[in-house]
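The block underneath contains the structure these notes are about, expressed in structure tokens.
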There are 2 protein chains.
Amino acid sequence: MPPSSTVENYLKEVYLGVGRLPAGETLLPMGQLAVALGVAPGTATTMVKALAESGLVDYEPYNGVRLTAAGMRLATTVLRRHRLMELFLVQVMGMRWDEVHDDAEHLEHVVSDRLIERIDEMLGHPETDPHGDPIPNPDGAIRERHFETLLTCPIGAQVVVARVSDQDPAFLRFVERHGLKPGQSVTVDGRDEAADAVHLHGPGGAAFTLGARAASKLLVDVAPASSVAAGVTRATGPDEEPRR
Amino acid sequence: MPPSSTVENYLKEVYLGVGRLPAGETLLPMGQLAVALGVAPGTATTMVKALAESGLVDYEPYNGVRLTAAGMRLATTVLRRHRLMELFLVQVMGMRWDEVHDDAEHLEHVVSDRLIERIDEMLGHPETDPHGDPIPNPDGAIRERHFETLLTCPIGAQVVVARVSDQDPAFLRFVERHGLKPGQSVTVDGRDEAADAVHLHGPGGAAFTLGARAASKLLVDVAPASSVAAGVTRATGPDEEPRR
DNA sequence: GTTGTAATTTTGATTAGTCAAAATTCCATG
DNA sequence: CATGGAATTTTGACTAATCAAAATTACAAC
């Protein structure tokens with residue numbers, strides 16, 4: 001029997017949650033998992049115990065949860081379906097990048113392997129989704145690159161936005177309006193600790209300011225040199241293109 | 001809260017089941033519903049009582065079930081999603097018509113209104129899906145035309161296949177191999193009651209034979225006049241009789 | 001060390017959907 | 001009009017997923 005949507009969601013959130021943990025830590029606290037899934041804490045505990053029973057996660061009572069190899073496999077295939085779906089909805093269906101998340105959230109649990117591979121092919125085996133999130137390959141391998149954020153990157157140097165780690169439509173529209181989509185360039189002019197603000201300007205010269213919270217959600221590539229895909233280095237294109 | 005997939009499936013099967021009833025009857029026996037859904041008889045009874053409670057069906061104990069206006073509304077929107085999805089998978093995704101049913105079966109419960117209307121638009125507001133089944137319009141109206149079958153149509157006259165009422169992939173491939181997809185022409189040469197067989201030939205002259213069971217699944221248009229010449233019914237063709 | 005608080009787990013209940021098997025009802029046939 | 005199947009409904013039980021609230025545990029601060 002295939003895993004339920006619920007199981008897939010738990011595994012996906014464990015994966016994403018562990019990824020958000022401070023460097024070094026690998027156990028996701030149950031509370032964070034419960035919040036991410038929008039369920040009561042007790043519900044998460046019960047479910048995680050069942051997942052541990054079926055060998056999909058390691059569970060340490062009072063400490064947290066982490067994926068096993070089997071759980072990782074499943075989590076990344078769900079992520080693959082989600083991210084390919086988002087890119088498909090933008091690229092093929094012509095939807096806006098700020099409105100595809102909810103659809104993808106549902107579709108990720110029902111698209112068949114056949115269909116998702118068809119989509120992958122149609123998109124030219126893309127590396128990242130519209131938010132810059134990496135798309136795992138068919139057997140679950142995923143290359144998570146490390147990026148600076150607009151809060152930590154060097155001041156004065158032109159950097160390229162690589163990834164936007166927030167799905168809120170309003171935020172995404174803001175990002176788009178200010179030319180901060182993945183592939184576009186910006187320069188940090190300075191930071192004001194007291195005001196909790198980051199000042200920047202785009203290639204066109206337009207200057208504006210971001211709160212620290214927002215700045216930390218914009219992951220940037222400080223050395224957009226050879227290693228970065230050709231399609232991602234363009235400064236102002238509204239759309240990114242799949243490579244190959 | 002939105003109706004569950006289960007509820008949507010029950011309503012869809014009631015709609016389809018009632019449609020398969022002998023002329024005049026409007027109450028679908030619980031047994032048939034249970035078989036169509038692949039559940040135990042008692043399960044169907046319990047569920048249908050709940051649906052009646054929420055005003056989606058009329059339920060007459062021991063007699064059967066039928067849709068209310070509200071239930072009809074929901075059933076046809078599910079059918080709309082299913083059929084548009086099937087056509088989309090064939091037309092846009094390049095899948096074969098015999099392999100899209102299962103995907104559509106799942107997708108019909110999760111695609112958003114926004115996405116399905118986007119698909120409808122992309123397909124040019126089609127009237128029928130790849131099997132010739134009519135696609136309800138956004139507010140649930142559906143024009144069910146009446147067709148003969150290869151078992152009942154006149155002998156010797158060239159007719160046009162309008163609809164194939166079986167989703168079995170093997171059967172669909174057979175239909176395709178013999179040029180019997182919706183829009184294609186055939187002529188019935190004769191019928192053999194004893195042998196349970198129907199003899200026919202295509203426009204190219206190739207003659208072959210069908211069992212009665214198979215022949216009854218091929219609905220044909222005996223007067224493929226102006227509106228259906230191209231093989232697909234046009235958007236604003238002459239209206240037939242209303243259903244009910 | 002004790003203790004207070006926050007995080008976590010346990011407990012007891014609920015809802016949706018399901019099944020197997022027993023009980024009931026319908027109805028055609030004699 | 002009695003009756004024996006067939007169809008249907010009822011009953012009792014089960015699973016997955018959830019919640020609220022009580023109980024427990026961990027741990028930092030005193």
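Worth knowing before you read on, the calculation uses all heavy atoms, side chains too, and leaves out hydrogens, waters and symmetry mates. Order of the sequence lines sets the chain letters (A, B, ...), proteins ahead of strands, with each chain counted from 1.
- The pair K12(A)-E108(A) meets the salt-bridge criterion, with a side-chain N (NZ, NE, NH1 or NH2) lying under 4.0 Å from an Asp/Glu carboxylate O.
- With dT8(D), dT10(C), dC19(C) as the choices, the nucleotide that has an atom nearest any side-chain atom of T45(A) turns out to be dT10(C).
- In this structure, T6(A) and P61(A) both approach DNA chain D, and ranking their closest nucleotides by distance from the 5' end singles out T6(A).
- The distance between atom CE of M1(B) and atom C1' of dG17(C), rounded to the nearest whole Å, is 17 Å.
- Rounded to an integer number of Å, the gap from OH of Y62(B) to C1' of dC26(C) is 8 Å.
- Taking only side-chain atoms of V39(B), from C-beta outward, the nucleotide of dT8(D), dC19(C), dT9(D) with the closest atom is dC19(C).
- For Y59(A) and dT8(C), the shortest distance from a side-chain N or O to OP1 or OP2 is not below 4.0 Å.
- Rounding to the nearest 0.5 Å places CG of L84(A) at 10.5 Å from CG of L89(A).
- For L37(A) and dA16(D), the CG to P distance is 18 Å, given to the nearest whole Å.
- Atom CD in E53(A) sits about 17 Å away from atom C1' in dA17(D), given to the nearest Å.
- For S4(A) and dA17(D), the shortest distance from a side-chain N or O to OP1 or OP2 is below 4.0 Å.
- Distance, L27(A) CG to dA26(D) P: 15 Å, rounded to whole Å.
- In this structure, L51(B) atom CG and dT18(C) atom C1' are separated by 15 Å, rounded to whole Å.
- In this model, the phosphate group of dT18(C) is approached by a side-chain N or O of Y10(B) to a distance below 4.0 Å at OP1 or OP2.
- Set against dC26(C), dT8(C), dA17(D), the side chain of M47(A) has dA17(D) as its closest nucleotide.
- Ring orientation note: the planes of F88(A) and F88(B) are nearly perpendicular, at an angle over 60° on the 30°/60° scale.
- Side-chain contact check for N9(A) and H109(A): at least one donor-acceptor pair (N or O, by modelled atom type) lies under 3.5 Å.
- Ion pair E127(A)/R145(A) not flagged as a salt bridge, since none of the NZ, NE, NH1 or NH2 atoms sits closer than 4.0 Å to an Asp/Glu carboxylate oxygen.
- Among the atoms of the strands shown, base atoms are found under 4.0 Å from some heavy atom of G42(B).
- Nucleotide dT9(D) holds its C1' atom 16 Å from the CD atom of E60(B), rounded to whole Å.
- Across the protein-nucleic acid pair, K49(A) atom NZ and dT9(C) atom P stand 8 Å apart, rounded to whole Å.
- Within the 4.0 Å cut-off from OP1 or OP2 of dT18(D), not a single side-chain nitrogen or oxygen of T43(A) is found.
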